[in-house]
Novice: 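Shown below is the structure under consideration.
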Protein chains: 2
Amino acid sequence: MFLENPRPLRVEEVHEFAQSKVPQLGIATVYRNLKLLIGEGEIVEVPVPELGTLYERAGIDHHHHFYCRRCRKLFDFPGCPIDESKLAPPGFSVDSHELFLFGVCYRCNDE
Amino acid sequence: MFLENPRPLRVEEVHEFAQSKVPQLGIATVYRNLKLLIGEGEIVEVPVPELGTLYERAGIDHHHHFYCRRCRKLFDFPGCPIDESKLAPPGFSVDSHELFLFGVCYRCNDE
DNA sequence: ATATGTGCAAACTCTTTGCATGGAG
DNA sequence: CTCCATGCAAAGAGTTTGCACATAT
């Protein structure tokens with residue numbers, strides 16, 4: 001399912017999707033298999049402020065995330081406007097960064 | 001205490017600080033008073049991926065946060081390299097953003 | 001028969017809430 | 001005496017773990 005899905009999913013979304021195939025499947029199994037897939041390098045965690053941890057397939061090029069306040073979905077957006085070397089305050093060394101955009105997505109803007 | 005403190009604090013840090021003045025003070029009181037101070041506009045929440053919610057004094061100019069992986073403290077860094085208008089993917093409208101830097105702080109770099 | 005994956009329930013963490021109390025005015 | 005902030009404990013939400021069972025090999 002992560003292969004088909006271009007955006008990070010919440011645990012509940014994964015659970016619902018999984019239940020559409022195996023109706024009685026429990027939430028514990030979802031968590032267990034998410035951890036397994038992470039161990040295998042198939043997916044990665046996407047920790048988001050206020051939203052908690054979502055999951056998306058691994059190996060996507062460096063990118064960031066957009067959160068739609070209306071449909072409450074998280075979208076990938078490609079590319080990155082950040083130059084880490086110019087960001088480090090004096091004395092600090094930066095090894096990674098996360099950028100989150102908040103707003104309304106193309107689909108919700110159309111309605 | 002938030003007036004003296006230039007960086008966001010975890011609930012536990014607030015609790016420890018408060019206990020240094022009122023030793024038996026409980027965690028529920030800390031949460032209650034944080035909510036109160038937010039309502040009064042004295043402090044704001046700072047939700048951080050993987051760290052949960054921290055708190056800092058309100059009214060600081062637009063800025064972002066740096067997380068030191070070594071001492072596990074969150075620092076403010078002033079200014080902002082983001083131009084929202086250039087970031088919105090086509091069809092998306094952006095109304096705010098959050099940027100987090102991860103690395104080692106000036107103090108830990110000195111050791 | 002053995003091993004693996006699952007459901008279920010309990011445990012754990014973080015946060016919030018209800019209730020009774022104790023001190024301040 | 002009346003209020004209100006507090007401690008304590010219980011309750012929730014999200015996540016993890018132990019255990020027993022079913023299924024496949």
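This is a predicted model, so every value here is computed, not measured. Chain A is the first sequence line, chain B the second, and so forth, proteins listed ahead of strands; every chain is numbered from 1.
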Novice: Report the residue (B:Gly26 or A:Val11) whose heavy-atom-nearest nucleotide on DNA chain D is the more 5′ of the two.
Specialist: B:Gly26
Novice: Between atom CD in A:Glu50 and atom P in C:dC14, what is the gap in whole Å?
Specialist: 18 Å
Novice: When the distance from CD1 of A:Ile38 to P of D:dT15 is rounded to whole Å, what number comes out?
Specialist: 12 Å
Novice: Just how far, in rounded Å, is P of C:dT15 from CG of B:Asn33?
Specialist: 15 Å
Novice: What is the distance from atom CD1 of B:Ile82 to atom CD of B:Glu98, rounded to the nearest 0.5 Å?
Specialist: 10.5 Å
Novice: Nearest-Å distance, CG (A:Leu37) to C1' (C:dG5)?
Specialist: 14 Å
Novice: Can you find a pair of side-chain heavy atoms, one from A:Leu87 and one from A:His97, that are under 4.5 Å apart?
Specialist: no
Novice: Where the side chain of A:Gln24 is concerned, which of D:dG7, D:dG14, C:dG7 is the nearest nucleotide?
Specialist: C:dG7
Novice: Measure the distance from CG on B:Leu25 to P on D:dA5 and round it to the nearest whole Å.
Specialist: 14 Å
Novice: Protein-nucleotides 18-25 of chain C N/O pairs closer than 3.5 Å?
Specialist:
| from | atom 1 | to | atom 2 | distance (Å) |
| --- | --- | --- | --- | --- |
| C:dG18 | O6 | B:Arg32 | NH1 | 3.0 |

Novice: Quick one: pull up NZ in A:Lys35 and CD in A:Glu45 and give me the separation to the nearest 0.5 Å.
Specialist: 4.5 Å
Novice: Nearest-nucleotide wise, let me know which of A:Val22 and B:Glu45 is further upstream toward the 5' end of DNA chain C.
Specialist: A:Val22
Novice: Please report, rounded to the nearest Å, how far the C1' atom of C:dT6 is from the CD atom of A:Gln19.
Specialist: 13 Å
Novice: Should A:Tyr31 be listed as having a side-chain N or O under 4.0 Å from OP1 or OP2 of D:dT15?
Specialist: yes
Novice: Return whichever of A:Val30 or B:Lys35 has its heavy-atom-nearest nucleotide of DNA chain C closer to the 5' end.
Specialist: A:Val30
Novice: Is it the case that over 12 heavy atoms from other parts of the model lie below 6.0 angstrom from the CG atom of B:Asp83?
Specialist: yes
Novice: Once you round it to whole Å, what is the distance between C1' of C:dT6 and NZ of A:Lys21?
Specialist: 18 Å
Novice: Classify the nucleic acid contact of B:Ile27 as base, sugar-phosphate or nothing, counting any heavy atom under 4.0 Å across all strands shown.
Specialist: nothing
Novice: Give every pair of a protein N or O atom and an N or O atom of nucleotides 22-25 of chain D that lie under 3.5 Å apart, one pair per line with the distance.
Specialist:
none

Novice: Do A:Phe100 and B:Val48 land in one hydrophobic cluster if side-chain heavy atoms of ILVMFWY residues count as linked below 4.5 Å?
Specialist: yes
Novice: Tell me the interatomic distance from A:Leu34, atom CG, to C:dT6, atom C1', rounded to whole angstroms.
Specialist: 15 Å
Novice: B:Phe66 and B:Phe77: aromatic ring centres closer than 6.0 Å?
Specialist: no
Novice: Would one find a side-chain N or O of B:Thr29 under 4.0 angstrom from OP1 or OP2 of D:dG7?
Specialist: yes
Novice: Is the backbone N or O of A:Asp76 less than 3.5 Å from a side-chain atom of A:His63, with the two atoms forming a donor-acceptor pair by type?
Specialist: no
Novice: If I take atom CZ from residue A:Arg7 and atom CG from residue A:Leu74, how far apart are they, to the nearest 0.5 angstrom?
Specialist: 8.0 Å
Novice: Measuring from A:Leu99:CG to B:His64:NE2, what's the distance to the nearest 0.5 Å?
Specialist: 8.0 Å
Novice: So, for B:Cys108 and B:Cys68, which heavy atoms are closest and what is the spacing to 0.1 Å?
Specialist: SG-SG, 3.8 Å
